[in-house]
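Numbers restart at 1 for each chain; the letters A, B, ... are given by sequence-line order, proteins then strands.
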2 protein chains.
Amino acid sequence: MAKPPSKVRNRLRRERAISEQHTSKAQVSIRDGLQTKETVSFGPLEDLFGYQLRRAWTVLRKDFTASVEGLGLRHLSFSLLSLISDNPGINQGRAGKVLDIQRPNMVALITELTDRGWVERRKDPEDRRALALFLTDDGQRILTEGFARIEQHESLLLASLSEAEKAVLFDMLKRISAPRIES
Amino acid sequence: MAKPPSKVRNRLRRERAISEQHTSKAQVSIRDGLQTKETVSFGPLEDLFGYQLRRAWTVLRKDFTASVEGLGLRHLSFSLLSLISDNPGINQGRAGKVLDIQRPNMVALITELTDRGWVERRKDPEDRRALALFLTDDGQRILTEGFARIEQHESLLLASLSEAEKAVLFDMLKRISAPRIES
DNA sequence: TATTGTTATACTCTATAACTATA
DNA sequence: TATAGTTATAGAGTATAACAATA
């Protein structure tokens with residue numbers, strides 16, 4: 001069952017063709033030549049938190065892509081692998097809730113990971129609707145390799161921040177994204 | 001010229017149908033009922049900067065969408081309007097470079113803004129390849145209204161941070177996303 | 001030759017409605 | 001009735017190659 005998702009197959013196929021287009025150039029070049037051609041004014045845009053956060057996230061996203069090149073990981077599949085590794089047997093719905101991924105979007109994601117042989121879906125004997133998720137040995141290997149590469153890249157990216165600054169930054173980001181449970 | 005981009009037309013049409021689905025619920029609920037069903041372990045994922053940044057950006061993105069509902073703004077079109085407002089006559093390529101938007105992706109973006117009557121494209125008499133961008137009065141009005149709403153939402157979102165913390169946060173984000181000009 | 005804007009195209013991520021099989 | 005997973009679909013953002021007009 002479950003029609004072969006061509007997108008996943010295509011991704012798997014495409015991967016073989018990737019060589020080394022860009023190594024690690026996450027720069028945002030504003031220069032047009034040797035000189036900055038015109039000065040650009042940002043105005044109040046620069047003072048919006050959303051704008052700064054988007055810019056920073058863009059840098060991190062590109063850096064992530066460069067760091068895991070060739071592994072077949074995207075940031076969503078990577079975070080999902082990591083979550084399954086730390087919570088063997090977790091089901092799709094719960095994993096999606098925790099990572100803020102909609103239920104329908106989990107399907108293709110998990111399918112891709114099982115197609116790659118990194119994750120197993122097993123019927124939960126206690127609730128025959130649910131599917132329990134487990135990492136394979138290959139999945140664990142990819143995850144470990146991914147973590148190593150990403151941590152190395154991140155440490156370079158954050159080299160300009162002190163340990164204390166990093167701690168403050170993490171704390172603030174968590175406070176912003178922490179689930180606001182109300183009623 | 002320029003075939004009518006159906007996506008833009010669809011968006012404009014769709015807009016009229018939007019009423020009030022969600023008012024401002026940018027919460028990430030982890031709860032399934034009254035009790036947290038199972039405890040989930042995040043492991044080293046929580047210590048990755050990229051992960052935390054993605055989570056925070058997701059919160060901001062949803063909050064942005066809620067705050068400008070009904071105005072027809074997305075975060076890209078909003079930042080573009082703002083840039084044009086502060087740099088009248090800037091051309092597409094330069095605006096795209098500054099905002100880190102690929103050249104081809106600028107086309108539909110600008111087309112949408114001109115279709116809405118918020119931006120004018122004028123041939124640059126000094127370089128007949130280039131198009132200079134200007135805001136219309138309507139564009140300026142929408143931008144002003146957008147800023148007012150977004151700033152209000154952001155102040156609520158960042159209410160848990162002190163002014164000093166916000167300053168530090170902005171400084172760090174800027175240091176991370178600052179263009180790294182090398183050679 | 002190089003650059004501006006453009007078209008075509010593809011991939012990733014996000015989001016909603018509706019279905020199925022179980023509970 | 002409600003929930004877990006699924007299908008279909010659409011919108012939004014990002015990315016590359018190739019072209020015409022102009023520099």
Side-chain angles (χ1 to χ4, degrees), chain A residues 1-3 5-15 18 21-22 32-33 37 54 57-58 61-62 64-65 73-80 90-97 99-112 121 123-133, chain B residues 1-15 17-18 21-22 32-33 37 54 57-58 61-62 64-65 73-80 90-97 99-112 121 123-133:
Chain A
M1 346 306 39
K3 266 184 297 181
S6 63
K7 278 192 178 178
V8 174
R9 315 296 181 184
N10 282 340
R11 179 153 46 222
L12 290 166
R13 221 176 299 126
R14 208 180 334 120
E15 220 152 90
I18 293 175
Q21 293 117 324
H22 44 65
D32 287 0
K37 239 202 305 202
R54 178 176 79 82
W57 164 238
T58 298
R61 186 178 41 74
K62 289 179 179 175
F64 178 95
T65 303
L73 287 171
R74 289 166 295 141
H75 60 268
L76 282 187
S77 55
F78 172 77
S79 57
L80 187 50
I90 192 172
N91 67 37
Q92 292 189 199
R94 180 136 193 85
K97 250 175 208 152
L99 295 177
D100 198 21
I101 303 172
Q102 306 288 322
R103 225 178 262 277
N105 299 329
M106 288 293 288
V107 179
L109 208 46
I110 302 279
T111 301
E112 181 197 339
R121 271 191 262 231
K123 288 247 175 200
D124 183 337
E126 300 194 354
D127 182 344
R128 301 204 334 273
R129 296 171 302 184
L131 294 173
L133 304 174
Chain B
M1 23 247 66
K3 264 184 299 181
S6 63
K7 277 192 179 178
V8 174
R9 316 295 182 186
N10 283 338
R11 180 152 45 222
L12 291 166
R13 222 176 298 125
R14 208 181 334 118
E15 219 153 273
I18 294 175
Q21 292 118 322
H22 43 66
D32 288 0
K37 239 204 308 202
R54 180 176 76 83
W57 165 239
T58 298
R61 187 177 42 72
K62 289 178 179 176
F64 178 95
T65 302
L73 287 170
R74 291 167 294 140
H75 60 268
L76 283 187
S77 54
F78 172 78
S79 58
L80 188 49
I90 192 171
N91 68 35
Q92 293 189 197
R94 180 135 194 87
K97 249 175 207 151
L99 295 177
D100 198 19
I101 302 173
Q102 305 289 320
R103 224 178 264 275
N105 299 330
M106 288 293 290
V107 179
L109 208 46
I110 302 279
T111 301
E112 181 197 337
R121 272 191 262 231
K123 287 247 176 202
D124 184 336
E126 301 196 353
D127 183 343
R128 299 201 340 270
R129 297 170 302 181
L131 294 173
L133 304 175

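Side-chain N or O atoms of A:S79 include one that pairs as donor or acceptor with a backbone N or O of A:H75 at under 3.5 Å. Judged purely by atom type and a 3.5 angstrom limit, B:T58 uses its side chain to pair as donor or acceptor with the backbone of B:R54.
The side-chain heavy atoms of A:K62 and B:D100, taken from C-beta on, include a pair separated by under 4.5 Å. A:L109 is not listed as a side-chain neighbour of A:Q92, based on a closest heavy-atom distance of 4.5 Å or more. Side-chain contact check for B:I110 versus B:L80: some heavy-atom pair is nearer than 4.5 Å.
Rounded to whole Å, atom P of C:dA8 lies 19 Å from atom CD of B:Q102. Rounded to a whole Å, the CZ atom of A:R94 is 14 Å from the P atom of D:dT3. C:dA15 atom P lies 16 Å from atom NZ of A:K97, rounded to whole Å. Rounded to an integer number of Å, the gap from B:W57 CH2 to C:dT14 P is 11 Å. Rounding to whole angstrom units, CZ of residue A:R121 and C1' of D:dA4 are separated by 12 Å. Per the geometry, CG belonging to B:L131 stands 10 Å off C1' belonging to C:dT6, to the nearest Å. Atom NZ of B:K123 is separated from atom C1' of C:dT6 by 12 Å (rounded to the nearest Å). Remark: P of D:dT14 and NZ of A:K62 are 8 Å apart, rounded to the nearest angstrom.
At least one side-chain nitrogen or oxygen of B:R61 sits closer than 4.0 Å to the OP1 or OP2 atom of C:dA15. Taking only side-chain nitrogens and oxygens, B:H75 comes nearer than 4.0 Å to OP1 or OP2 of D:dG13. For B:Q92 and C:dT4, the shortest distance from a side-chain N or O to OP1 or OP2 is not below 4.0 Å. Phosphate proximity of C:dT14 to A:R103: absent, as no side-chain N or O sits under 4.0 Å from OP1 or OP2. Here B:R74 does not reach the OP1 or OP2 of C:dT14: none of its side-chain N or O atoms lies under 4.0 Å away. Taking only side-chain nitrogens and oxygens, B:R128 comes nearer than 4.0 Å to OP1 or OP2 of D:dA23.
Comparing A:R129 and A:M106 along DNA chain D, the residue whose closest nucleotide (by nearest heavy atom) sits nearer the 5' end is A:R129. Ranked by how close their nearest DNA chain D nucleotide is to the 5' end, A:A132 and A:T58 are led by A:A132.
Among the heavy atoms of the strands, none lies under 4.0 Å from A:I101.
Among the nucleotides D:dT14, D:dT7, C:dC13, the one closest to the side chain of A:P104 is D:dT7.
A:D124 contributes no side-chain N or O that forms a donor-acceptor pair with the base of D:dA4 under 3.5 Å. For C:dA15, its base sits under 3.5 Å from the side chain of A:N105 at one donor and acceptor pair at least.
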